[in-house]
Structure formats: structure tokens, C-alpha cells
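What follows is a set of notes on a single structure, which appears directly below.
Just so it is clear, the values below take in all heavy atoms, side chains as well, and ignore hydrogens, waters and symmetry mates. It should be emphasised that the depicted structure is a prediction, and the values quoted were computed from it without experimental measurement. Order of the sequence lines sets the chain letters (A, B, ...), proteins ahead of strands, with each chain counted from 1.
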Amino acid sequence: MQIFKQRVKAIFVGIFIFLSASFCLSQENKEALYWRSLENGNVQCLLCPRKCVILPDRRGYCGVRINKRGKLFTLGYNNPVAIAIDPIEKKPFFHVLPKTGALSIAIAGCNLRCVFCQNWNISQRRPDETINYNLTPQDIINLAKKYNTPSVVFTYTEPTVFYEYMLDIAKLAKKENLYVGMHTCGYINPQPLKELLEYMDFVNVDLKGFSEEFYNKLGNGAHLQPILTTLKIIKEKGVHLEITTLIIPTKNDSEEEIRLMCEWIKDTLGVDVPLHFSRFFPQFKLKNIPPTPISSLKRAYRIAKEVGLKYVYIGNVPGIEEESTFCPHCGKVLIRRSGYSILENNIVEGKCKFCGEKIEGVWK
Amino acid sequence: MEIKSLRVLGLIVILIGFSSIFSQSLLIRELIVVFYGNELIIGVILASWLFWTGMGSLWAQKLTFKRNISWNLFYSLYILFSLSILGEFFLIRNLRVIFHFEPGEIISPFSMFFISVFVFLPFALINGFLFFLCIRIFSHKVLRNSVGLVYALDSWGDMLGGIFFSFFFVFLLTPLENLYMIFIINIFIILFFLIFNTKNIKKRIFYFLLGPLLLINSFSLSSLEKFLIEKEWQGFNVVDVKNSYYGNFHLTKYKDSYTLYENGLLSFTFPFRMDCEEAVHFTFLQSANIDRILVIGEGLRGLLYEILKYPVKEVYYLELDPALICFIEKYLPYPDKNALYDSRVKIINLEARRFLNNYKGNKFDIVMLNSPFPYTAYLNRFYTYEFFLRVKRILSNKGVFSFALPSKEDYLTKEMRNFNASIYHTLKKVFPHILLVPGDKLRFVASSSSESFTYDDSILWRRLKDYKIKTEFVNKYYFKMKFLPWHINYVHNILANTKVIKLNYDFNPIGYYYGMELFISHFRSFTNVFLRFLMNIKVKVYFLFVFIIVAAVWVIRKKALLPLSVFSMGASGMGAVILSILGFQIVYGYVYHKIGIISASFMLGAALGAYGINRKIREMKLKGLVYILFFGSIFMVLLPYIFKSFIEIPLITEGIALILPIFMGFLVGFSFPLVNKLYNRREDVSNVGFLYFCDLAGGAVAGVMLSFIFIPLYGLFISGAILGYMLFICGVFLCFIGKE
């Protein structure tokens, strides 16, 4: 019966959204946040570390923010390209509201150009290049309430680029007692991040590699440091944080680099931060690298455990034991997972049911 | 130092032609590896080769105009020619390092185009220069039709070079050994003449010692080749390499995984149980019967092992290249190797279309297609209406056909929609019931009956349990994860409602245009916009364009119609080969050496034509050229129709199909010296460089236009018609050239 209800819900959501789909409307009249005027009609965007100086009628690196008449506007508002109810585990959030659906939203665009992007079909597009829905922030909240999803999650692409839309939805969501989360690359400046975190309950940050060289070469000129700053700020603000690293053969899978990263996480963020090592599959431009061997993922898992991180996971390998959560104190299985399915949940009021150890996360 | 003997000179011309095509065939294969197997660019590579060869000839004409032949120049160029063969090889092997391409990252169309246009410049330029010099030399020694003679000899050499490389040396020697052999042969010829024509003793000794030194050096080739492979494949641990007829294989090892690269492109990784389980069980659990199975490609990577978990009776496994199994076998995990030798498995080294054409046995319950995606004209043939019909013919009533295409489950870009929808609707025309499983690969499961089709994960899980099959990944939770209703409905609705789309046919292979578009969409480039612009051009615009150009030339300078005719013949020659190869593959399937025969038959025709006119050239006038153009026009228009008519009677027509291009080759070979005579009003060679340039430029333009625009967008019939029309219009306007 449960399954039947879920299916019916999904079909209705699909029909509703499909019926309300429309082409992207120009959003030039939605003024952006975090920018300043410069001479000669130029503007500088202050949203992300790229700090693009944008000439009149031109866009920033992300392709979403545009300078019109000496003002910066966002093209990413009210026009999500993807909207779905996904299991929260898919995001991946393993320490957040297990076995619930998350209303997942994205607008096309990204401020990185990672050659291995797993969602390149929308992240490497601009909002005016995709076929979008027309949904205001209130529409999003209405959807979440209508289909009883306890959370709204900004994911698939890079939520930073549709900051204003995300912020407005997040504010409304909090008024309606909905949880709000995002999956981000972390390439955002501290000030806008701090404002956003006031309305965030949980965040997953992609720590794609732990070297400047990696970000520079494979991230098309990005830098590692701003992402580390983002991680620290999230932690300081007390928002639940999970980290995902896509392990790519020959690129970021050296034992040394992984160990360095884990040690940094332990020393700076704490051992309670869940860390996901995700399996890479050939995508986008990095099509000639084979999928990550499972042994590489297991090795990364082992290193993270050796360093002392409490909650480590392997992603994109359904059914593997390392998908499950184990109590760091008594070692018993807390949440047994297979794919997106929860087979067993032994966390009660945020604690291990067996030994009472407090487990980091958002449990209700 | 003059070479006095005409026979020796003739042999040198043949050798130059031989070396040129031998090296070209090999170097193009090497370049495709650099581009990670992207065969889209072959048209550009060939076009640039032809273009620079023509430019070399033109340059030679301008440089040596009204000057005596310098034998020093000839020898120097010949040495440079020989050295450039090796130089090109080292350049290509280091391209990824020179241009700082990230290992594993596909190269943008612009970069591929830029490299393709310029990488063969040195070699092709020298080749063209040499060709012209040979004509000049011959013209001093031969009273008439030196142009035709050299053209014929060069064509012979081309033909032999293509045959020897493609059928023998491709797998006998490594690429570097092959090129070194060509280098040595040419250098030895030069050394021979230098030794016997030099009076200086010291120089003689030096030349004499150089030969053995070069031979000794050949022993270091294998370690040099190993070093080059390591450099080219930095970051990968290459454990084995093999060259076969169909391409080359590189096998890499990383941790406990092996990955096979075919022509530089990642073909598959093993062991990769998750992917194999998904491919097999998602298909098999949708079928009511599982007695007789046909697996097309990639069975050895673990698919056979999964299939044999079912109580199947017979598994036919088609693998085109027998060398692949021999190559991979020793690295396969034990269960997968065992599966190859299971008594139920029958391995057939035949291409799928050829197999389907000739198969008359019992029907299959399941057909699994594991071909690479339709990004080229060759691969597109496995995703056309005609191919699907053939599959249906060998399937039982409730039989199931399955394959996968690149996709996404959350959002399909416009290019992905077009690509997937074209194949979807083409498939729908043959199989009324299609089940879609979305993901990074969209799996199509099609059947004439939907009796067993279900998306219900609990039913699928029950079926799997009923078979008592043990799996590592696929279980009830896996089904739940993959069969998410939201994503299934999304993809299904998108594809079903994308109706403004062309269907994919053998002779109208739009599928690979959409595949090209999808590939280019990975990059933010002007090429996307340009492609879309081209797609919107009506075909009659091209006919109009041809008419305007020819008419404009006629108005501005009537005599220029002659080089334009050469250009048209060159274009049609290239078109004849391309259309014949594609037509042959469609009707008879792909058989490597037979494809080689098609190219060789064109060269043979060209040689015969050039030789044949030798006897007739004095009598030949403009009327003769006009007739050639008209005959060529009729041939080009009829060529695709001839292949289409052969579909119903493949057995008795295969031999004819192989030699069809001889006719066009003959016309091209016949016309070139004739135009030279008409253009110069005598048989001198003052403009032969320019005419040769026109010939090759025509071939170059046709190669690119056919590959990228005419064939994918308009199909084979229109492509033949455009080329035929061009010849026809040239012929018509030539009738009004007057006495000029």
C-alpha cells in the first residue's frame, strides 16, 4: 500500500509539473544580490570567488548573471530546469531524515567547469538554453506541502548560481517549517554564504580534490581555498554538514591526497562530519577514464577510518556494506542501506538505540 | 646525379605513391587514437591531406616554373619525404603532450579540426611537391601524356600501398616498425643512387655505411615504441597493445580493473559486474522465454557470464574481430573466461548486419545489442529502421530486443532528446512495445508483445528469485532505485512527445547527425550554432549554389570551367568511394578486406583511366570531357539506387558492388590528363600543379561535406544527386565554352 501511494504521488507530481512546464521567461527584471557598480557601466559580481567584472550586456562566468544598464540581474529565478522528489539518500544525505523524499530543485548553470561533471547536461547550460518550468518560490513550497515532502533541497546543478531564488524559497520554507538543504560545490563567498546559512538545515559540499592543481586543471581554473573556507563557515554556523568526494582514477585517488584531506577534515571540521566517497563513471568530457575500481573506494574508506573520521561512506555502489551507518561507539549497525532503501534504522531521537551514543545529523 | 632510366623513375613514382598511402593509412589510425576514437574527424583529416598535397603541387608549379629540373632538389625532397614519414609519427604520438590535453579528457571539435588541418601539412606538402617534380621529369623524357603516365603510376602505387598495409602489414609489424620500413626502403633507394652517382670516395663510404647503421637502429624500435606509448598514455598503465585489421587495442590496468581501448576510445572495463548485471537482468527479466539468445558485441566483458546464470539453451555471441577475444582472453577473470568456452556459447566472428542478412536458423528469444553509440555513419547502421526490422525477423513473437544509449534521467537536453527520440520513434515503428529504463544510459527493451513487460520492482525481484540467480548488485533495492516512477515517466513523456524528429534509416542516416550534435553539445562552441544553421538549410539551396558557382565561373572566365571540372571530378571520385563504402556496409555488412577492395578498385580505375587516355589523348577534344562529365553525373545519381536495388539479392551482387567504383575511378583518371591538355592546349605540364590541386581540393571538400552535412542530413540519394548535378552542370556549361 505504501509503495502504491508513493507511486501515485510520483505520478501526480509528474503530471502537475509537466502541465505547468513552460519555456524560460526572461528574468532580467530580477535584480541580483551581492554585486557592486564599477566605472563605465561595468559591475562586479561578489557572489562567488570568481568575482567577475561584467561588462554591459555581458554575463559572468556562470552565464546566469547579466549586466543590464549598469545593474546586475539574475537569469535564474522562477525557472527551474529540474524538479523531482528523490529519496534524501540520493543527494546524498545519510544523516538527514532517513527514508523521506526531498523535493529537489535546480536551475541550469554552474560557476565551475569540471570536466568530470556528472550533471553536465544542466550544469553546463544556461537558464535560457534549457526548457524550464515556471514556478515561483511559493509554488515550490506549495508542491512540497502538497506531496508531504519534509524538505526542499537545491541540487543537481550549482545552487550558488541561482542564489536569489534559493534564498527566497528557503525563507518561505522556514516559515512553513520545512527543512532546507543544498548540495553545492562550495564556490561561494563568505558573506552570501552566511546569509544563506540562516535558512539552511543541512548542506552537502563537494570536496572534489585536495590540491590546487586538481581544481585548476580539472575544474577549469578554480581554487581549493575558497571551498575550505566554505566548509569552515558551515561548521561554525552549526549547520549540518556532509562532504562528498568523487574519487576519479589517476586524478585525485592517491593515498597521500586522501589522507591529507581526511586529516584536514578531522582537524578543522571534526570527526563527526559524514564523508562520502563516490564512485566516478565516465561523464561529460572525462569519458576516457574508466569507472573507479571498488578497491580504490574501499581503500579511501579505510584511510578515512584510520584517520579517525566516524562516519564514512561509499556512494554509487549499491548494496555495499560501506553504505550503512555504524555506531562509532559500539560498532553496531545504525542504518542499514541498500541503494536508496533503508532496511533498518536503529537511531532513536538522534542516538544509538544500543549504547545511547549521540549521532550527528538531522533526525527529525 | 640524373636518373636516366624511365623504368627506374616509374618505379620511384610507384614507390612514392605506395609510401604515401601506406603511411597515410597508418598515420590516420594513430591520429584517431589521439582523438580517442572520434571517427567524425576522418573526413577532415582526409580533406586536409588532399588539400595540402594539392597545395604542394601548386607551390611546386610556381617555384619551378620555367626552370630546369634540379636533381639536388629532387633528392633533397625525397629525403625530406622519407624523414617526414617518421617525423609525422613522432609528432602525432606527442600531440597530447604538446597541446597539454588532460589524459582521459575528450578533445573539443575545434582543437580536433585545427590539429587535423595542420598535422599532416609537412608530409602532404612535400608529397604534392614531389608529385609535380615527377611530372616535370617525365615530361622531359616522355613525348606525350607524361601527366597521364605519372598519374597512372601514382595511382598504382596508392592502390598497392593501401592493399599491403590494410591486409598484411597492419598486424604483422607495429606502427613504428611499419613506418621505419617505409623510411628505410625510400632512403635505401636514395642512397643507392647517391653511391653510384657520386665520385667523392669519402661521401661514397659515408652513404655506404649509413645503410647498415639505419638497419641496426631498427633493433631499438620496440623500446622506443614502448617509451612513446608510455608518454602518450601517461597516467595509464598500458599492459598490452595489439593491432588488428579493425583498429588497435590498448589494454590498461588500474588496481584490479582492466580497461580496453579501441582506437583510443574506452570500449569497456572489466570486471564491472554492476554494469553487466544491469544490462543482462534488466533485459532478461522482461522476457517470457530465454532459450535462445543473441549477443551482439562485448559478451566477453562479463555479459556471457551473467547470461549463463539463466537456464539458456543456446547463446550466439557475435564479435566482429577475432583478434579481440585472443587479445583479452588471458586477462579475463576466471568466470568470464569460462563463459567463453561454455558448451552453450557459440562465438561467431561476423558483423551483425551480415549475420542477420544470412541467418536462417531458429528464432531468438532475446537479442542484446552492445554496439558503440551511433556517432558515425558506420555505427549508425545498427540503429536504423532496416536493422530493427532485421532483428524483428529473427526474434520470436514474444522475443525481446535490448540496447542502451547515452542519456540522463533528470533532464534531457535538446540534443539528447533529438538523439534518443529519433532512435525511439524509429524503434517504435518496428516494435510497438518499448520499455525504458532511464539513467546515464537509457536502456531500451523492445518487443512485439508486452506480456512480460513490467516496471514493478517487486515482480522483477520475484522473477529473479524464481530463476534462483545470485547477483552481487541487482536485488530488490536496486530495482527500486533504478525504476523510480518519476524518472521513467519523465523520460517516456519527453521521448514520446518529441515528434518533430526525423527517423533513422539506412539511406537517410539522420541518427548520426543527432549523435554528432550530441557530441558537440559537450562543448560551448560556435559549431553547435553552425550545425543547427546547416540543418535548417533546404537541400535545394545546395543545388542552387552549385548552379550559381558554375554559372559565375562561366561568365567571368570560361576557361576556368576546366579546372572546375577537375574539381568536380575529384569531388565525385571521393563521393563515389564514400558512398560505395557506406552502401556496401548497409547492404552486405562490414567486412574489412572487402572495404579495402572498394578503395583499391577506385585507384585501379584511376590508373586504368589515366593509362587508357594515353592512347587516345591526341584525338580527344572538349566533347570527350563533356561526355565524361555526363557519364559521371549519371553514375553518381544512380550509385545509391544501385546499392538499394542490391538489398534483395545480396549474394549474387556482392562482387559487382565491390568493383563499382572502378567506373568512377576510370572517369577521374581519364579526365585529368585530358583537362590538362585542353587547359594548356598541348600536353605540357605548366599548369598540372594547379589542376592537381583542383582535383585534390574537390576530393577534400567532398569528404568534409559528405561526412558532416550531406549524408547525415539528406541521406545517400540526395548526396549522390548533388555530386551528379555538379558534374552535369559543368558539362552543360562546357558545351558553351566556345573556341576559347
Which atom pair, heavy atoms only, marks the closest approach of B:Tyr411 to A:Ile122?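 Where B:Tyr411 meets A:Ile122 most closely, the heavy atoms are CD2-CG2, 3.0 Å.
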
For A:Pro290 versus B:Tyr261, what's the shortest heavy-atom pair and its separation?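 Looks like CD-OH, 3.6 Å.
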
Any chance you could measure [X], atom [atom1], to [Y], atom [atom2], to the nearest 0.5 Å?
| X | Y | atom1 | atom2 | result |
| --- | --- | --- | --- | --- |
| B:Asn237 | A:Thr250 | CG | OG1 | 11.5 Å |
| A:Asn288 | B:Phe236 | CG | CZ | 6.0 Å |
| A:Ser338 | B:Lys480 | OG | NZ | 10.5 Å |
| A:Ile289 | B:Glu105 | CD1 | CD | 9.5 Å |
| A:Asp86 | B:Leu484 | CG | CG | 7.0 Å |
| B:Asp256 | A:Ser296 | CG | OG | 7.5 Å |

Using non-hydrogen atoms only, which part of B:Pro103 is less than 4.5 Å away from chain A: side chain, backbone, both, or neither?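 Contact with chain A involves both backbone and side-chain atoms of B:Pro103.
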
Please classify the contact between B:His487 and chain A as side chain, backbone, both or neither, with a heavy-atom cut-off of under 4.5 Å.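 For B:His487, side-chain heavy atoms alone lie under 4.5 Å from chain A.
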
Is there a side-chain contact between [X] and [Y] in this structure, where contact means two heavy atoms from C-beta onward sitting under 4.5 Å apart?
| X | Y | value |
| --- | --- | --- |
| A:Pro293 | B:Tyr254 | yes |
| A:Arg279 | B:Met274 | yes |
| B:Met481 | A:Lys90 | no |

Could you tell me whether B:Arg524 and A:Glu129 make a salt bridge, using a distance below 4.0 angstrom between a side-chain N and a carboxylate O?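 A:Glu129 and B:Arg524: salt-bridged.
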
Contact part of [X] toward chain B, heavy-atom cut-off under 4.5 Å: side chain, backbone, both or neither?
| X | value |
| --- | --- |
| A:Asn316 | backbone |
| A:Ile294 | side chain |
| A:Arg125 | both |
| A:Val81 | both |
| A:Leu218 | side chain |

With respect to chain B, which residue among [options] yields the maximal number of heavy-atom pairs within a distance under 4.5 Å?
| options | result |
| --- | --- |
| A:Lys217, A:Glu89, A:Arg113 | A:Lys217 |
| A:Gly319, A:Pro87, A:Pro291 | A:Pro291 |
| A:Lys285, A:Lys287, A:Gln283 | A:Lys285 |
| A:Ala108, A:Pro249, A:Gly339, A:Ala82 | A:Pro249 |
| A:Tyr156, A:Trp120, A:Phe281 | A:Trp120 |

Is it true that, when you exclude [X] itself, more than 12 heavy atoms of the residues, nucleotides or ligands shown sit nearer than 6.0 Å to its [atom1]?
| X | atom1 | value |
| --- | --- | --- |
| A:Arg58 | CZ | no |
| A:Glu212 | CD | yes |
| A:Glu321 | CD | no |
| B:Phe453 | CZ | yes |

Set of side-chain hydrogen bond (donor to acceptor under 3.5 Å, both in side chains) partners for A:Asp206, sequence neighbours left out: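 By the side-chain hydrogen bond (donor to acceptor under 3.5 Å, both in side chains) rule, A:Asp206 matches A:His183.
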
Steps toward side chain to side chain contact (heavy atoms under 4.5 Å, CB included) verdict (A:Ile131, B:Arg417): CA-CA 11 Å; A:Ile131 300 172; B:Arg417 286 171 201 224; 3.5 Å; yes

Partner chain A: residue of [options] with the largest heavy-atom pair count (under 4.5 Å):
| options | value |
| --- | --- |
| B:Asp275, B:Thr252, B:Leu265 | B:Leu265 |
| B:Ile107, B:Asp440, B:Leu412 | B:Asp440 |
| B:Tyr36, B:Phe272, B:Phe523, B:Phe473 | B:Tyr36 |

Under 3.5 Å, side chain of B:Lys255 to main-chain N/O of A:Thr292, donor-acceptor pair present?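 Between the backbone of A:Thr292 and the side chain of B:Lys255 there is no qualifying donor-acceptor contact (under 3.5 Å).
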
In sequence, state the C-alpha distance, the side-chain angles, and the governing distance for A:Asn119 and B:Asp410, and then conclude on side chain to side chain contact (heavy atoms under 4.5 Å, CB included). CA-CA 9 Å; A:Asn119 286 320; B:Asp410 46 22; 3.5 Å; yes

